[in-house]
Each structure stands twice: as C-alpha cells, then as structure tokens.
Number of protein chains: 2
Amino acid sequence: MAELGVEARRREILTAALALADERGLDALSMRAVAARVGVTPMALYPYVGNKDALLDGLVDLMLAELLPAAGTPGAWDVRLRAIAHAGRALAHRHPAAYPLLLSRPAVTPDAVRLVDALYRALLDAGVPAAQVPRLERLVSTYVLGYAIGEITGRFAPADPRRHARATAAGGAAPAHQELSGVLAQPPDWDTEFTAGLDDLLHVITSHAHAHATRGVPAEQAAAARPATTRDRPIRGSASR
Amino acid sequence: MAELGVEARRREILTAALALADERGLDALSMRAVAARVGVTPMALYPYVGNKDALLDGLVDLMLAELLPAAGTPGAWDVRLRAIAHAGRALAHRHPAAYPLLLSRPAVTPDAVRLVDALYRALLDAGVPAAQVPRLERLVSTYVLGYAIGEITGRFAPADPRRHARATAAGGAAPAHQELSGVLAQPPDWDTEFTAGLDDLLHVITSHAHAHATRGVPAEQAAAARPATTRDRPIRGSASR
DNA sequence: ACCTGAACACCGTTCAAGT
DNA sequence: ACCTGAACACCGTTCAAGT
C-alpha cells in the first residue's frame, strides 16, 4: 500500500513535469517549478525522482509509455511498422520540448525494450535475416527520431522566405540552391515527406528480405500458414503464447 | 582593423567554449567557465557572443566550418556524398558534447547553406529529379546526424551485457529479442553499420534517379559529356563557372 | 513516513562604473 | 573601446529539523 503510494506519487510528479515542459519548455523545467506545480517544496521531490537527471529519464519513460500502445497494432508487418513510426512522430508533436530526450538517453527501460521488440518482430516478419534486424531497427528508429526532432526544433523549418533569400544571396556560393529555386520556393508538406521517407525505408527493408519470406501477417499466423520447412531458423518459445 | 579584431576575439571565445565542451561536457559550459578560460570576466564575453544561446549557435557555426572542407571533395556524386557523410560522423566523435546542437538549431548560416548545397549538387548529379532533391537531402542529413548522436549519447550503446540480460529477463514480453539472442549477443561494429545504412540510402537515391541520368561526375563534366537534349530542365548559371 | 527551511555553491544577465 | 564589480533573480542539492 505504501509502496503503491510511492509509485503513484512518482507518476504524479513526472506527469506534472512533462506538462510543464509541454507548456513552458525545457528551460523552464526546474525542480523548483515542478515542486510548485505539485504543491510541495523542491526537496520533497527527491525521494521520488532521485535528482534532476533521473527526472528527465522519467520523462523518457512516460513518453515511451504513451508510445507503447502503437506496438500492439495488428496487421501485416509493414502496417505495424508504419503505425509505430507515425505514432513516434505524433509523440514529438505532443511533447516537442521533451521529445529530444529520447535521442540522447539509452533506451533500456522495459517499455523501450518492448517497443524495440515490436520493431524486431515486424522486421523478422518482413523476412529480414536475423543478422540485419538490429541494424535496420536502428535505421528506422533513427529516422523517426531524427526526422521528428528536425521538424520540431526547426532544423528543416526555414520555409520562411529568409532562408531562400539568404541562399540566393550567397549567389555563386550556392549554385545548386539556385538550380533548385523552383522547388525550394514552395514549402514542403512535412506529413507527406515523412511518409515518403518511411516508404523509402520500407523498400530498403524488403530489399534485404529473403526472397521467399514475404509474409505480411503476425508470426503466429504466418507460422501456421507456412510449411515448417520454410523456417530459416528454429523459433524459440513465444510462438504459441 | 578594429572590426577584424572583434571577429578574431569572437572566434577565440568560441574556440575556447568548444574546447571546454569537448573536455568537460555541455553542463560545464557556463559563461563564467568560458570567461575564465579566456582569462576575462564573464561580462566581457557579451559584446562578442551576445548571450549564452547565441554562443551555442556560434559553436554550431564552428563545427560546420570544420565540416565544410568535406563539401569540396572531388569525384563522382556518390564519392562526394559518402565523404560528407563520413566527415559528419567523424565530427561527432571529435565534439561529442556539442554535436547534438546541430540537430536542434536551424541550419541557416552561410556555411550550412554551402554544405547543403554540396549535398544538393551530389543528388542532382545522381540524376534525382529536382522535386525530390530537398527531401532526400533531409533524409541523408537526418540519418548522419541521428546515427552519430545515437552513437555518442549511448542510445545504441547497450552493447554491455546488461541490456541483453534485461531484455531476456523480460521474458515473454520480448520474444523477438529472444529469437535474436544469437545476433544480439555480439556487439555491432558501428563503423560498418554506419556505412551499411549509408549504402542503403544510396540505393534509395539511385532508385529515385532518372533512368538515363547515371552520371557520376561533377555537373560541368557531365553536361559536357551528354547531349544537351537529355537535360530535363534548363540549368541556370553556375554550370560554366 | 513524509515534508520543510535554511544554507551552499553555483547560474545568466543587468547596470553603473572604471581606464 | 574594452573591461570590471557588485548585484539580482534564479539554479540543483545538502543537511538538520520538524510532525
């Protein structure tokens, strides 16, 4: 009972911290401000969150927990992979200030492992050889995180005319910009671009997949539908539960 | 003369700040610490760097300046693109603490534009249609930045046995991890993996290229080697200088 | 068991002042 | 023209103390 209370209080504190980051940015996320929002003295936070660094790790946990339901999406491997990717990007829009923490902190919490596991599963179901699965998982998650962060931090943003102006002002120093002035004049649609990049990565994945393994359904169903001899390696556990 | 002195002093301050970040991390990068390293009072920095935020932008500038020579690499489009990508990753290893700033600040300085221009040029030379060039440039630069940051911040890192242990401890919650336990047991070579991902992106690029445009040499030579009728759009300026 | 209050060693930045 | 010093409003975190 007391233990449960501690966990609940911890979540209460982390939720307040994430809300504060959402509303006023990472710079405004001080232990003192979080404490004030929870209605307590700064020192009262320490037994629950350790210190500020651990509090930031806690925010990562909280965001991963929000993302996790996407890992349960049913359907073909590419449907599942797309769902997780789009959920990952949507998370960035919901928590633009805290989101970059995902890229800078090791993903070793149970929820992070579960999420990675769902991506591993999708890649395995796509027919990717085991040796390539972790690498392609990192390729996809790097894309999702990097793209979303580029978007929210404004790295891609200079859709305002000033960048274009500056680029052409550079003149001979930026000839390719001049050659592309037509397409650079119209700002891109970031939703469309994200999906296009994801499509490109899906092609990369299928290009690495075994020729015979074009199964697009979850492992159990695929295993049931295929003759056992098409399995390239023994599957240990979990297939029937 | 006085103007030049100001620029030189600014660079001196930024160089000291970058060195400080390299040696003691971003958290240790205070205005006071930079000032002490330069041998001056904190307030003396302000006329040169504006404020702390602008100082961080200055570090981005400094890193881009280090990266820029890679944009001058000669050779075929893919050679040039690879050179820039590998230089971008090498930069991360040289400045692990400051590097993530590249992902979080808009790239609108002249050096940034020059770098993007070199990537645009490589993609154009690859035969990518103009409409796809900016998107694929963002795909490539997102990969380089995201991968390098994942590497230096330890997001990929749990090559230590603990992650694997934790994943398998999760048991039924991480079945794909179990299925992959063989490949997950051996830590990846990050150099090789970076290159493999880059190869994948090069394939994406060529898959988007015009069928006839497999030119692998800089624009001027390619333009000279091909009949003018194969050009899909008029090239404005720069081609002959 | 849970929280508070005072204190310490830091921050970034302002302002008025020095030479 | 270039820099300093004192001051202000903040930080994260410690410690001893309250109830």
Side-chain angles (χ1 to χ4, degrees), chain A residues 1-62 97-98 100-101 104-106 153, chain B residues 1-62 97-98 100-101 104-106 153:
Chain A
M1 209 61 156
E3 283 301 307
L4 270 176
V6 165
E7 249 324 299
R9 192 104 174 95
R10 176 182 155 82
R11 262 216 313 282
E12 194 183 340
I13 291 167
L14 291 177
T15 304
L18 186 55
L20 193 62
D22 291 344
E23 290 166 22
R24 305 189 17 221
L26 256 200
D27 286 348
L29 188 74
S30 67
M31 295 298 277
R32 291 166 134 102
V34 173
R37 186 180 254 259
V38 174
V40 98
T41 260
M43 286 313 101
L45 304 178
Y46 282 77
Y48 301 97
V49 299
N51 58 24
K52 180 153 190 200
D53 227 59
L55 178 136
L56 295 180
D57 285 335
L59 295 191
V60 169
D61 276 7
L62 216 56
L101 296 172
S104 57
R105 278 150 201 274
T153 62
Chain B
M1 208 62 155
E3 284 300 309
L4 270 177
V6 165
E7 248 324 300
R9 191 104 176 94
R10 176 183 154 80
R11 264 217 312 281
E12 194 183 339
I13 291 167
L14 291 176
T15 304
L18 186 54
L20 193 62
D22 292 343
E23 290 166 22
R24 306 189 15 222
L26 257 200
D27 286 349
L29 188 74
S30 66
M31 296 297 278
R32 291 166 134 103
V34 173
R37 188 179 252 259
V38 174
V40 97
T41 261
M43 286 312 102
L45 304 179
Y46 282 77
Y48 301 97
V49 298
N51 58 24
K52 179 151 189 202
D53 227 59
L55 179 136
L56 296 179
D57 285 335
L59 295 190
V60 170
D61 276 7
L62 217 57
L101 296 171
S104 57
R105 278 150 202 274
T153 61

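The model shown is predicted, which means the values in this text are computed figures rather than measured ones. Values below: every heavy atom of this structure, side chains too, minus hydrogens, waters and symmetry copies. Just so it is clear: chains get the letters A, B, ... in the order the sequence lines come, proteins before strands, and each one is counted from 1.
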- Where is the tightest heavy-atom contact between Leu29(B) and Ala21(B), given as atom of each residue plus distance? CD1-N, 4.2 Å
- Please report, rounded to the nearest Å, how far the C1' atom of dC10(D) is from the CZ atom of Arg24(A). 13 Å
- Item | Spacing of Leu55(B) atom CG relative to dT13(C) atom C1', expressed in whole Å | 14 Å
- Item | Side-chain (Thr41(B)) to main-chain (Ala44(B)) donor-acceptor, under 3.5 angstrom | no
- Nearest heavy atoms of Tyr48(A) and Ile13(A), plus distance in Å: CB-CD1, 3.6 Å
- Item | Under-4.0 Å side-chain N/O to phosphate OP1/OP2 contact, Arg32(B) with dT4(D) | no
- Between CE of Met31(A) and P of dC10(D) the distance, given in whole Å, is 18 Å
- Note on the structure: Met43(A) atom CE is separated from dT13(D) atom P, nearest whole Å, by 8 Å
- Identify the nucleotide, in any strand shown, that forms a Watson-Crick or G-U wobble pair with dC11(C), with both distances under 3.5 Å; if there is none, say none. none
- Query: Has Tyr46(B) got a side-chain N or O lying under 4.0 Å from the OP1 or OP2 atom of dC3(D)?
  - Reply: no
- Item | Interatomic distance where NZ belongs to Lys52(A) and P belongs to dC10(C) [whole Å] | 18 Å
- Task: Return the value, rounded to whole Å, for the distance between atom CG of Leu45(A) and atom P of dG12(D).
- Result: 10 Å
- Item | For atom CG of Asp53(A) and atom C1' of dT13(D), their distance in whole Å | 13 Å
- Message: Only pairs with both distances under 3.5 Å count, Watson-Crick or wobble alike; so what is the partner of dA17(D) in this structure?
- Response: none
- Which listed nucleotide (dC2(D), dT13(D), dC3(C)) is nearest to the side chain of Val6(B)? dC2(D)
- Message: Suppose we define a pair by two distances each less than 3.5 Å, Watson-Crick or G-U wobble; what does dC3(C) pair with here?
- Response: none
- Task: Assess whether side chain to side chain contact (heavy atoms under 4.5 Å, CB included) is satisfied between Val34(A) and Leu45(A), documenting all intermediate values.
- Result: CA-CA 9 Å; Val34(A) 173; Leu45(A) 304 178; 4.0 Å; yes
- Query: When the distance from CD1 of Ile13(A) to C1' of dC3(C) is rounded to whole Å, what number comes out?
  - Reply: 12 Å
- Query: Between Ser30(B) and dC11(C), is there a side-chain N or O to OP1/OP2 distance below 4.0 Å?
  - Reply: yes
- Query: Checking Arg32(A) side chain against Pro42(A) main chain: does a donor-acceptor pair fall under 3.5 Å?
  - Reply: no
